[in-house]
Amino acid sequence: MQLSKTEEQLMQHLWKLEKAFMKDLLDIYPEPKPATTTVATLLKRMIGKGFVDYKAYSNSREYFPLVKKEDYFSKHVNGLIKTFFNDSASQFASFFTRKTDLTKEELEALKKIIDQEIKNK
């Protein structure tokens with residue numbers, strides 16, 4: 001299951017804060033801030049999707065992510081590779097290195113990461 005753009009934005013804030021009350025979430029948004037009801041609706045949807053849960057304290061709720069950022073991102077990238085690159089990581093890597101504005105230094109850093117992963121296999 002995936003998050004909408006607005007849910008993903010809220011999830012980014014929740015990952016950053018790790019746990020938060022409604023006020024904390026509203027405070028982290030830039031101006032113009034969304035309405036409390038909008039954030040509450042997003043949280044309700046995200047709870048239904050299994051991405052967020054909360055702990056109740058009398059009249060307030062402390063929300064926390066159930067899904068790690070790295071796990072969500074990894075699933076998202078793997079979906080992109082499957083959908084747009086015929087499930088080929090090589091095609092994705094080729095596209096990524098040729099069609100993005102990576103500097104020579106960034107490409108060299110990627111090469112080091114790949115070389116290290118090859119050693120670890």
Side-chain angles (χ1 to χ4, degrees):
M1 196 166 300
Q2 283 191 299
L3 297 171
S4 69
K5 289 270 189 211
T6 52
E7 291 168 344
E8 207 169 270
Q9 182 184 24
L10 178 55
M11 196 68 184
Q12 291 283 357
H13 295 317
L14 200 49
W15 280 320
K16 184 177 182 179
L17 296 171
E18 296 181 7
K19 55 185 177 177
F21 292 96
M22 180 65 74
K23 181 190 180 313
D24 303 323
L25 291 169
L26 289 169
D27 286 347
I28 202 167
Y29 272 94
E31 293 291 341
K33 296 186 184 297
T36 303
T37 54
T38 301
V39 176
T41 300
L42 291 171
L43 286 166
K44 185 177 179 180
R45 277 195 257 155
M46 293 161 68
I47 290 167
K49 291 180 178 182
F51 283 91
V52 174
D53 204 355
Y54 65 89
K55 186 173 181 180
Y57 295 96
S58 64
N59 290 338
S60 56
R61 295 176 175 183
E62 185 177 43
Y63 297 94
F64 55 91
L66 292 175
V67 176
K68 294 178 183 172
K69 184 177 183 177
E70 184 176 310
D71 293 342
Y72 180 75
F73 184 70
S74 176
K75 190 172 183 178
H76 212 61
V77 169
N78 286 327
L80 286 172
I81 292 170
K82 186 174 188 167
T83 303
F84 295 104
F85 299 97
N86 300 317
D87 209 12
S88 169
S90 297
Q91 284 183 19
F92 170 74
S94 175
F95 174 84
F96 179 73
T97 55
R98 286 188 285 123
K99 299 294 182 179
T100 56
D101 294 330
L102 296 173
T103 65
K104 183 177 179 181
E105 291 77 22
E106 289 170 324
L107 287 168
E108 287 171 352
L110 281 173
K111 185 178 182 304
K112 285 181 185 176
I113 292 167
I114 291 168
D115 288 344
Q116 186 61 46
E117 285 300 312
I118 290 169
K119 282 184 187 178
N120 292 341
K121 298 277 178 181

Enumerate donor-acceptor pairs with a distance under 3.5 Å from any side-chain N or O in residues 110-121 to protein atoms, sequence neighbours excluded.
unit_1: Lys111; atom_1: NZ; unit_2: Asp115; atom_2: OD2; d: 3.1
unit_1: Gln116; atom_1: NE2; unit_2: Asn120; atom_2: OD1; d: 3.2
unit_1: Asn120; atom_1: ND2; unit_2: Gln116; atom_2: O; d: 3.4

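A distance-only check finds no donor-acceptor pair linking the side chain of Ser74 to the backbone of Glu70 [under 3.5 Å]. Not one N or O on the side chain of Lys99 forms a donor-acceptor pair closer than 3.5 Å with the backbone of Phe95. In this structure, Thr83 contributes its side chain and Leu80 its backbone to no donor-acceptor pair below 3.5 Å. Judged by distance alone, with hydrogens and angles left aside, the side-chain atoms of Asn78 form no donor-acceptor pair with the main-chain N or O of Lys75 at under 3.5 Å.
Atom CZ of Phe84 is surrounded by 12 or fewer heavy atoms from other residues, nucleotides or ligands within 6.0 Å.
Taken to the nearest 0.5 Å, the CG atom of Asp24 stands 10.5 Å off from the NZ atom of Lys19. Separating the CG atom in Leu26 from the OG1 atom in Thr36 is a distance of 4.5 Å, to the nearest 0.5 Å. One finds the CD atom of Glu62 at 11.0 Å from the CD atom of Glu18 (value rounded to the nearest 0.5 Å). Between the CG atom of Leu42 and the CD atom of Glu8 there is a distance of 12.0 Å, given to the nearest 0.5 Å.
Ser4 pairs by the side chain to side chain contact (heavy atoms under 4.5 Å, CB included) definition with Thr6, Glu7, Arg45, not counting sequence neighbours.
Residue Ile81 comes nearest to Ala89 through the heavy atom pair CG2-N, 3.9 Å, listed as atom of the first residue, atom of the second, then distance. The nearest pair of heavy atoms linking Pro65 to Leu14 is CD-CG, 3.8 Å. In terms of heavy atoms, Lys55 sits closest to Phe64 at N-CE2, 3.9 Å. Scanning all heavy atoms of the two residues, the minimum distance from Ile28 to Lys16 falls at CD1-CD, 3.9 Å. In this structure, Phe21 and Arg61 approach most closely via the heavy-atom pair CD2-O, 3.2 Å. Heavy atoms only, all atoms of each residue included: Val39 and Pro34 are closest at CG2-CG, 3.7 Å.
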Given side-chain contact (heavy atoms from CB on, under 4.5 Å), test Leu43 with Met22 step by step and report yes or no. CA-CA 10 Å; Leu43 286 166; Met22 180 65 74; 3.9 Å; yes
Derivation of the side-chain contact (heavy atoms from CB on, under 4.5 Å) call for His76 and Gln2: CA-CA 8 Å; His76 212 61; Gln2 283 191 299; 2.9 Å; yes
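Residue pairs meeting the ring pair (Phe, Tyr, Trp, His ring centres under 6.0 Å) criterion with at least one partner in residues 37-56, sequence neighbours excluded, are Phe51-Tyr72, Tyr54-Tyr63.
No continuous path of ILVMFWY side-chain contacts below 4.5 Å connects Leu10 to Leu66, so the two sit in separate hydrophobic clusters. Both Val52 and Val67 are part of a single hydrophobic cluster, where members link through side-chain heavy atoms under 4.5 Å apart. The hydrophobic clustering, which links ILVMFWY residues whose side-chain heavy atoms are closer than 4.5 Å, places Val77 and Leu3 apart.
A donor-acceptor contact under 3.5 angstrom links the side chains of Gln12 and Lys69, judged on distance only.
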